[in-house]
Amino acid sequence: MGNWLFKSEPEVFSYADLEGEKKKTTHWEGVRNYQARNMLRDQIKLGDRVFFYHSNCPEPGIVGIAEVVKEGYPDHTAFDAKARYYDEKSVADKPRWYMVDIRAVRALQRVIPLSELKAQEKLDGLALIRRGNRLSVLPVSDAHWQEILALEPVA
DNA sequence: GCCAACGTTGGC
DNA sequence: GCCAACGTTGGC
């Protein structure tokens, strides 16, 4: 089973928004980066776990857990000329962009802030805290997943 | 294929 | 708002 971290700007789509969706499920649309696309299309599998991360906000950090309920399929929002994520170079018979569906599992008891993740020696190598990594979809190793969850309990 | 210009991400 | 770190684009 794979572990991932998905970034979202809470002003655009927050973890609470995910919980408010029908069946607490959404399609992870709008990823327009080839590395992230490859993960969505090829590597992210049904049942994989996802940390939901809030970026570009007062307290960036991990706020919840979701799971993959549908594997990679074409991101149809790229086909719609009126949609925010329209890409004229992606067409239905040769889609350029992919997405998966995720469902909310639970909110964390507290936000685990980026600053705290950075301070953990045990999380060395975590893609999120490697210099300059701006991908919105990132892998998380089993060991790192466990280490992060171990940070959750409130003292 | 190189590389400068430009746009975006996202922490601070 | 600033700016570092990328990714993309397009001229050559």
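Note on naming: letters A, B, ... go to the chains in the order of the sequence lines (proteins, then strands), and numbering restarts at 1 for each one.
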Would you list the pairs meeting salt bridge (charged side-chain N to carboxylate O under 4.0 Å, His left out) in which at least one residue belongs to residues 39-67 of chain A, sequence neighbours left out? A:E67-A:R103
Would you kindly give the [atom1]-to-[atom2] distance between [X] and [N], to the nearest whole Å?
X      : N      : atom1 : atom2 : value
A:L135 : B:dG11 : CG    : P     : 13 Å
A:R130 : C:dA5  : CZ    : P     : 16 Å
A:H54  : B:dC12 : NE2   : C1'   : 19 Å
A:F6   : B:dT9  : CZ    : P     : 17 Å
A:E11  : B:dG11 : CD    : C1'   : 15 Å
A:R96  : C:dG7  : CZ    : C1'   : 13 Å
A:R32  : C:dT9  : CZ    : P     : 13 Å

Could you work out, with ring pair (Phe, Tyr, Trp, His ring centres under 6.0 Å) as the rule, every residue matching [X], not counting sequence neighbours?
X      : answer
A:F13  : none
A:Y34  : A:W97
A:H144 : none

Heavy atom of residues 33-43 of chain A under 4.0 Å from DNA chain B: which residues? none
Only pairs at least two apart or in different chains count here, so list each ring-ring contact (aromatic ring centres under 6.0 Å, His included) that has a residue in residues 108-138 of chain A. none
Which atom pairs, one a donor and one an acceptor, fall under 3.5 Å between side chains of residues 117-130 of chain A and the rest of the protein, sequence neighbours left out?
| from | atom 1 | to | atom 2 | distance (Å) |
| --- | --- | --- | --- | --- |
| A:R130 | NH1 | A:G125 | O | 2.8 |

So which protein N/O to nucleotides 1-4 of chain C N/O distances come out below 3.5 Å?
none

Inspect the surroundings of CD in A:Q109 and state if more than 12 heavy atoms from other residues, nucleotides or ligands are less than 6.0 Å away. yes
Mind checking what makes salt bridge (Lys or Arg N to Asp or Glu O under 4.0 Å) contact with A:R134, not counting sequence neighbours? none
Kindly say if A:K7 contacts the phosphate of B:dG10, meaning a side-chain N or O under 4.0 Å from OP1 or OP2. yes
Using the rule ring pair (Phe, Tyr, Trp, His ring centres under 6.0 Å), only one of A:F52, A:W28, A:Y15 pairs with A:F6; which is it? A:W28
